[in-house]
Structures are given as C-alpha cells and as structure tokens.
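All chains are named by letter (A, B, ...) in the order of the sequence lines, taking the proteins before the strands, and each is independently numbered beginning at 1.
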Amino acid sequence: MSLAILQQKPELFSRLIDRWLEITGGRLLAVDEAGELIIGDEAAMPEGWREWLPQTALDQAVPLACPQSESFQIAPLNVEGALMGYLIAAGDAPTAMFKWSAEALGALLSAEQSLQGMTDELISAWDQLELVCRVTQALASTADLLAVLRSILAEVRRVLNAGNGFLVLEYEGDLKYVSVEANTTLSPRERQLYHRLQRAEGMFLYNDIETVREFWPDAPADLVNLLGIHLPIADLAQAVIVLTHKEGRGFTAGDGKLLTAVAEQIAAIVTNTLLYQQVLAQERMQRELEIAAEIQFSLLPRGLPQIPGVEFAVASLPATEVGGDFYDFIPLDEDRLGIVVGDVAGKGVPAAMFTSLVRTILRVEAGYGHSPQHVVAQTNQALMQDLQHAEMFVTTLVAYLDWHDLALVYANAGHTPGLWWRADRSLFEWLGSTTPPLGVKFADPGEDRVLKFSPGDFAVFYTDGITEALSPNDQLFGSERLQEALAAHAGSTADDLVQAVLSAVRTFRRNASRSDDLTLIAMRIKPSVVPEYDQVAPALDAAAVEFALPADLQSLDTISERVTQACRALPSLPAASAGDDFVYLVELAVSEICTNIIQHAYRMAGGEVRGRLTPLAEGIQVDLYDDGESFDPNAVPDPSYRAGPLKEGGYGLHIVRQIMDKVVYQAQTPNGNHWRLVKYTTPRN
Amino acid sequence: MMNITKRNTDEKTCVISLDGTLNARSADQVKDTFRQAVGEGMRRVVLDLSSVPFIDSSGLAALVSGLKTLNEKNGSLKLASLQSQADLLFKLTMFDKVFEIFADVDAALASYSS
C-alpha cells in the first residue's frame with residue numbers, strides 16, 4: 001500500500017489543492033514516508049526542502065523546520081491507521097485548518113484504499129460467485145438452492161472478513177435459514193434481527209455498539225458491528241443477509257457495496273430457481289392432467305350402440321383436459337341397453353377420478369340386473385363415504401331401453417332432466433329427478449319410472465354444460481333454447497339432433513369461453529319400425545313358405561329344393577331357359593347366404609337357419625334368419641378376379657349382390673340376424 | 001353326397017366326372033379328389049360337369065383349389081360339358097376367363113394332343 005492511489009486518481013487531491021490555494025494562497029504537496037514527491041508542485045518548495053523533513057514519524061501537524069522566512073507546515077497522512085506519508089503546505093495557513101485537511105485527505109484515502117484493497121481479492125471472489133451462479137441456473141430443488149446460498153454466504157463472509165453471518169430466505173410463508181455452520185436453525189434473537197431488517201428495505205451498516213443495540217436489542221454481547229441487507233425477490237420471496245463480527249475497524253462502505261452486489265446476485269439465483277421450480281410444477285401438473293384425460297377418454301364408450309330401429313349420437317366436450325362429465329352404454333341382455341349420463345360436481349383430476357369410479361360402479365351394479373333405481377341406490381351407498389370425504393357429489397341419470405317393447409325405465413339422481421320428444425303430440429316430457437344426487441344422503445331406492453316410446457320419438461340426456469352455457473352477457477342457454485333447437489329438428493336423425501344443439505349452443509355463446517363440461521346423448525326411435533326395405537312389390541295371396549332347419553351343410557339341398565319349388569310356382573316366372581336361369585340364380589343366392597350363416601355366423605357349430613319364401617306379383621322375396629354372430633356386410637371386400645392370385649373363397653356375397661335386386665342385412669333384429677333378398681322376374685332398374 | 005368317378009386315359013391324364021350339386025357340402029370331397037389324382041401322378045385332368053346342375057361359390061372355390069393344385073405341378077385342369085346354369089355362373093363371376101372350358105370331354109382331351 002502506498003500513496004500511489006493519488007497518482008492513479010489525481011482528482012482526489014487536485015480539488016483539495018485548488019481549494020487550498022484559493023483560501024490560503026499557498027500550495028499543497030504530498031510526499032511518501034521516504035520523502036518522495038507523490039503529487040503537487042515541487043517548484044513551490046525551497047531548494048533542499050527534503051532535508052528538513054522530520055526524521056521520526058509525526059502524529060500531528062507541525063511547522064516544518066525550515067530555516068528560511070517562508071512558513072511551511074507538515075502533517076502526517078494516516079491511511080487506515082498507518083502512516084503513509086506527509087502533507088506539506090507551503091505558505092501561511094492556520095494550523096488547525098491544515099491539520100483538518102490532512103485528516104480529511106487521510107480519511108478519503110482510507111476509504112479509497114479499502115475499496116481498492118479489496119479489488120484483487122474481490123475479483124477472485126466474484127469469479128467464484130459467478131461460477132456458483134452459473135451452477136445454480138438449473139437448480140431444481142430448494143435444498144440445492146440452500147446449499148448454494150450457504151456457499152455464497154461463506155464466500156462473502158471470508159472476503160469481508162466477517163466473523164459470523166446468516167441468511168434467511170422467506171418463501172411461500174416458510175423461513176429457510178442458512179448459516180455458516182450447517183444444521184442450525186434461526187435463533188429467537190436472529191429472528192428479531194430478521195424482522196427488524198425485514199421491516200425496512202435496503203442496506204444497514206453499523207460499526208458502533210450503541211447503534212447496533214438500538215437496532216438489534218438482543219444482539220450478542222460481543223457484537224460491535226453489523227452489515228445487513230434486506231431484499232425483496234420479485235413477488236416470489238424475500239431474503240435477509242447479515243454479516244457480523246468484522247475484525248479490525250468494522251465494515252466499510254465498500255463492504256456494503258459488495259454485499260449489495262452479492263444480494264442482487266442472490267436475488268437472481270433465487271428468482272431463477274423458484275421460477276424454474278414453478279415451471280417444473282406446472283409441467284408436472286400439465287402432464288398429470290394429460291394422463292388423467294387419456295385415462296378418462298379411454299374409459300368412454302368406443303362406439304355407439306347398434307340397435308335395430310334405434311339411432312344414437314353423442315357429443316362430449318370436457319371444459320378442461322379432464323372433466324367431471326361421464327356417460328356410458330351398458331349392454332344388459334338380449335334386448336336391453338343401459339344408458340348412463342352423469343356429472344361429478346368439480347373439475348380437474350379429482351373429479352375425473354370420481355367419474356371413472358362412478359362409471360365403473362354403475363356398470364357393475366347394472367350388470368347384476370338390478371333396476372335403475374336400485375343401481376343408483378347401491379352406487380350411492382358404495383360411494384357415500386368417499387364422496388362426502390372429498391366434499392363432492394354426483395348427479396346421474398340411468399336409463400334402460402328395451403328396444404323390443406320400446407320401453408324406457410329410468411332413475412334420475414338429481415341430474416338435469418332428460419327430454420322425451422313425443423312425436424305424436426309434438427311435445428316434450430321431462431325425465432326429472434327421482435332421487436337425490438349421489439353422495440348427499442342415504443336414500444332407499446324409489447320407484448322406477450317407465451315410459452313407452454313410439455316410432456319417431458326421441459330422447460336426449462345431457463349435462464348442465466348445455467343448459468348452463470353462458471352468452472357473452474352472462475345469460476343462460478336454458479332448457480327452452482334446448483327444446484327449440486331439438487323441436488326444429490324433430491324429424492331428423494339422432495346425429496342431426498346433436499349437431500343442432502351444439503350449433504345452437506355455439507351461436508348463443510359466441511366468443512364466451514366454455515366454462516363447463518358438456519355432454520349430450522340423443523336416442524331416436526326410427527320413424528317406422530317397419531324398415532323401408534319391407535316396402536317392396538305387393539305380396540301375392542299365395543301363402544309364404546316357411547322353414548326352419550339345422551344350420552348344417554346337409555340342409556343346403558333341402559333349402560335349394562324349397563326355393564326351386566317356390567320359384568316354379570311363381571305365375572310370373574318366364575318360360576324356357578330364362579325361367580331356369582331365374583330359379584338357378586335365386587337358388588344360388590340363397591345357397592350363398594345359407595352357407596355363410598352355417599360356416600361363419602354359427603362357425604359350423606350348429607344352430608338354426610329359418611327362412612320365409614314370399615311369392616311376389618313379379619318376383620320372390622326370401623327372408624333368412626339366424627341367431628349366430630352378426631357381421632358387417634360392408635366389411636366384405638369386393639374380390640378382384642383379374643388381379644392378384646386366385647382366391648378360393650370370398651366370392652359369395654359379391655355374387656349375391658350381383659344377381660339379386662335387393663340385398664338387405666340387419667343384425668340382431670328381434671328375430672335374429674336378418675337377410676332379405678328380393679329378385680324380380682322382370683328386370684328392373 | 002356327390003358321386004365322383006375317375007377314368008385314366010394314360011399315366012398322366014384322367015377324366016373326373018362329378019354327379020350332384022357342387023356346393024359347400026361337396027366342396028371338400030372334390031378338393032380331395034384333385035389332390036389324390038395329383039398324388040397318383042396325374043398332370044392333365046379333365047373335369048366332366050355334365051351331371052352337375054348346381055354350382056355355387058363354394059363349388060367354384062373347390063375348382064380353383066384344383067386348378068392351383070395342378071398348376072403347382074405344371075399340370076392343367078380343363079372343364080367340360082357345363083350345364084347352362086353353371087355356365088351362367090362362370091360368366092357372371094368371370095371365371096370363364098380363369099378356366100379352360102370345353103363343350104365336351106372329347107374336345108378337352110383332344111386339346112392335349114394338339
């Protein structure tokens with residue numbers, strides 16, 4: 001250390017020189033201990049002036065022992081308590097003022113030196129802090145963060161020569177304490193200091209015991225200095241750093257600056273870490289929601305029920321990734337189908353978990369063959385405890401459709417009422433509540449409600465996401481708008497009904513965002529139970545021939561004989577070979593279908609093939625029934641005769657379609673799978 | 001059941017005559033007959049269908065099977081004496097392009113010597 005600072009930063013001294021000159025008319029010089037001129041104008045001094053410098057260290061300003069008449073004064077320059085050189089004044093000046101000037105310059109130099117003195121050490125310390133900072137960019141856990149803060153604290157304490165210190169991070173109402181010694185906790189007296197610092201923002205530097213005590217009444221007895229800083233960290237957290245027990249003369253302004261800079265660095269680290277943690281948590285939540293949505297989606301029915309004479313259509317749109325709405329189709333027995341729609345009060349993963357649970361229990365209960373009211377009561381009982389614990393409840397409508405009798409039996413546990421459109425009266429009836437929602441209270445099963453559909457009727461089951469859809473000015477879509485939309489499409493298919501409602505809701509809502517799940521099931525009884533394929537050429541008075549034979553290939557010959565007889569009896573049968581061809585082709589078609597029934601519907605395992613041969617005025621109608629497996633006639637590929645290797649099968653249905661005028665297949669009618677083949681004796685278009 | 005007779009004209013040539021309905025019920029029997037003939041070394045088979053009043057797609061499948069069996073051994077299957085309804089089916093399904101069809105057995109046999 002030397003007065004070289006004055007050469008590096010002449011502005012520190014030049015101002016004093018100027019003022020001195022202005023006030024006293026004299027000049028100032030600074031020399032080092034050895035008398036070497038550091039700064040100032042040597043010309044102001046008499047020749048040989050160095051010889052008059054004091055031989056021993058001065059501790060106060062004295063006149064320079066100069067033999068000439070001019071007066072010179074010399075004063076020691078103490079920098080941080082050590083003699084570094086002398087200040088010399090040439091010319092008359094009050095000694096007190098000169099003394100003060102020397103002291104002021106000494107203090108200034110001390111301050112400067114303490115800053116400069118730290119520089120080298122600080123640069124290396126800073127490098128380490130920066131390294132620490134980089135390491136912390138991707139800190140994932142609060143535990144890691146605290147470890148890093150501990151190492152920063154240790155580093156700062158070492159650099160600033162502080163005997164003790166601690167750091168408190170307050171995050172989400174939680175106080176995290178970091179001290180130099182690991183595994184200690186915030187003591188009551190440290191807590192007191194923390195709260196004091198917390199109340200005021202910024203930096204606090206105290207180097208005398210009185211001020212320290214005033215600020216921190218419970219300060220340890222040996223504590224005489226304190227450097228503390230409180231920093232809020234964005235909106236996320238706040239931190240307090242305290243250093244104490246600095247050796248020597250206490251904390252300097254430079255220490256304060258360094259700590260401020262370190263505090264900013266800490267704020268950046270903490271912000272990064274906490275934000276990163278938040279993002280991680282959000283991502284985890286997002287992923288959990290996606291998984292829940294996937295599970296929920298996988299639990300929804302895959303397709304729509306295929307029931308003769310009844311159409312179904314469904315729309316189900318969750319408000320968030322996972323919703324509280326659910327629906328289900330449950331095959332009950334040969335001619336009954338269970339239809340379930342429901343809503344768990346609540347959203348997100350917990351609601352989604354309950355929808356899965358409720359669906360499963362309803363399905364199991366329905367599988368026992370209980371009535372809808374019983375199913376609902378049993379499910380309520382099974383879930384009561386869980387639902388009450390979760391403070392949730394479930395509304396659901398459970399209906400069984402008997403498509404043989406077109407009867408619907410239902411129970412409604414506090415769910416939005418279903419709507420039944422009665423085509424013959426052109427009005428709606430409600431399928432209202434029959435019992436409280438699930439999870440509210442134990443209730444005995446009520447009486448099942450039964451209603452009887454007629455052809456052309458339809459019913460819709462839905463969740464309150466439809467009726468409670470909001471317009472931009474917060475109006476409810478409501479039941480009336482729903483009924484209007486449905487009534488306007490009363491003659492349409494189930495699919496059209498669903499689309500009409502969705503479109504009406506969309507129009508009503510305009511740009512308002514959807515806030516609730518939305519589920520809608522439409523079920524329509526086709527207008528005529530007599531399918532259009534029955535409306536063919538009028539039958540003759542001649543009685544139809546019926547047969548019922550074992551599903552065995554041996555029956556093929558018998559069936560062929562019956563077909564031949566029936567065809568030969570047709571009055572409109574053409575003469576000669578044209579008639580023979582007609583008979584053969586009908587026989588061929590029937591043979592193909594019956595072979596299919598025996599080999600594929602029954603898989604050669606027995607059963608019965610039933611048939612009815614109805615003579616028509618200009619042709620013949622063949623109805624064939626079986627109770628084997630249904631199949632999708634559209635799934636049978638059209639075999640190609642010209643391309644590819646020859647196939648040994650699969651031509652049958654293609655041939656039938658080629659040679660018959662009408663080929664209609666309907667799976668699972670009340671009489672079994674039904675084939676209807678018609679061939680006219682005179683070609684038609 | 002279908003009646004099936006087989007007449008060898010030389011060590012590699014034979015005439016197989018079917019009598020009855022050619023449908024799913026008789027298809028396997030016919031397929032077996034083809035396999036058997038090939039097993040005996042027959043490579044030229046003429047199928048006499050003069051007594052088959054009815055063929056359906058299962059019957060056609062049996063004939064396709066026979067054709068494949070013989071083709072695998074570089075042999076051939078020729079059909080003869082189709083009744084008019086069987087002929088109708090072949091035209092309908094375009095199998096008349098797949099099989100060589102002759103008016104009678106003699107014409108089919110003669111085609112081998114030419």
Side-chain angles (χ1 to χ4, degrees), chain A residues 549-561 563-564 567 576-604 609 636 638-660, chain B residues 1-3 18-35 47 49 51-72 75-79 82-101:
Chain A
L549 292 164
D552 188 292
L553 292 174
Q554 292 190 17
S555 301
L556 289 175
D557 293 348
T558 316
I559 294 170
S560 278
E561 266 171 48
V563 171
T564 308
C567 288
S577 68
D580 293 342
D581 287 350
F582 178 90
V583 176
Y584 166 70
L585 291 174
V586 176
E587 217 183 303
L588 175 59
V590 173
S591 175
E592 297 297 350
I593 298 297
C594 290
T595 303
N596 268 340
I597 290 172
I598 295 162
Q599 290 185 330
H600 300 300
Y602 287 119
R603 296 173 188 266
M604 303 289 281
V609 184
V636 176
D638 204 350
S640 165
Y641 300 105
R642 274 169 270 199
L646 270 179
K647 288 187 214 99
E648 291 178 29
Y651 305 117
L653 189 59
H654 181 72
I655 293 173
V656 174
R657 285 192 176 126
Q658 254 187 298
I659 61 183
M660 300 303 276
Chain B
M1 275 314 228
M2 174 170 269
N3 281 321
L18 306 181
D19 181 2
T21 298
L22 182 47
N23 60 8
R25 196 180 162 205
S26 49
D28 287 344
Q29 201 187 343
V30 174
K31 283 188 214 173
D32 286 345
T33 306
F34 287 126
R35 272 195 287 273
L47 191 67
L49 293 166
S51 300
V52 178
F54 179 91
I55 302 177
D56 69 6
S57 70
S58 304
L60 276 181
L63 300 187
V64 169
S65 166
L67 184 67
K68 281 181 164 178
T69 307
L70 278 151
N71 285 351
E72 277 165 22
S76 67
L77 172 66
K78 301 190 181 195
L79 310 183
L82 269 67
Q83 291 198 11
S84 65
Q85 280 80 41
D87 194 47
L88 185 62
L89 175 69
F90 273 79
K91 288 199 167 65
L92 200 67
T93 56
M94 291 192 272
F95 269 78
D96 56 341
K97 306 280 192 293
V98 174
F99 288 96
E100 280 186 80
I101 299 172

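Proximity to chain B among residues 589-596 of chain A is limited to A:Ser591, A:Glu592, A:Thr595, judged by heavy-atom separations below 4.5 angstrom.
For the atom pair CD (A:Gln658) and CG (B:Leu89), the distance works out to 9.5 Å, reported to the nearest 0.5 Å. In this structure, CG in A:Leu588 is found 10.5 Å from CG in B:Asn23, a value given to the nearest 0.5 Å.
No more than 12 heavy atoms of other residues, nucleotides or ligands shown are found within 6.0 angstrom of CZ on A:Arg603.
Evaluation of the ring pair (Phe, Tyr, Trp, His ring centres under 6.0 Å) rule for A:Phe582 yields no partner, not counting sequence neighbours. When the salt bridge (charged side-chain N to carboxylate O under 4.0 Å, His left out) test is applied to A:Glu561, no partner is found at least two apart in sequence or on another chain.
The minimum heavy-atom distance linking A:Leu556 with B:Arg25 is given by the pair CD1-N, 4.4 Å. Minimum interatomic distance between B:Ser57 and A:Gly652 (heavy atoms only, all atoms of both residues): OG-CA, 3.4 Å.
Listed for the A:Tyr584 side chain is a donor-acceptor partner under 3.5 Å among the backbone atoms of B:Ile55.
Both the backbone and the side chain of A:Glu587 come within less than 4.5 Å of a heavy atom in chain B. Only the side chain of A:Leu585 comes within contact range of chain B, with at least one heavy atom under 4.5 Å from a heavy atom of that chain.
Applying the salt bridge (Lys or Arg N to Asp or Glu O under 4.0 Å) test to every pair with at least one member in residues 88-99 of chain B, sequence neighbours left out, gives these pairs: B:Asp87-B:Lys91.
Side-chain atoms of A:Ile655 and B:Asp56, non-hydrogen and from C-beta on, never get closer than 4.5 Å to each other.
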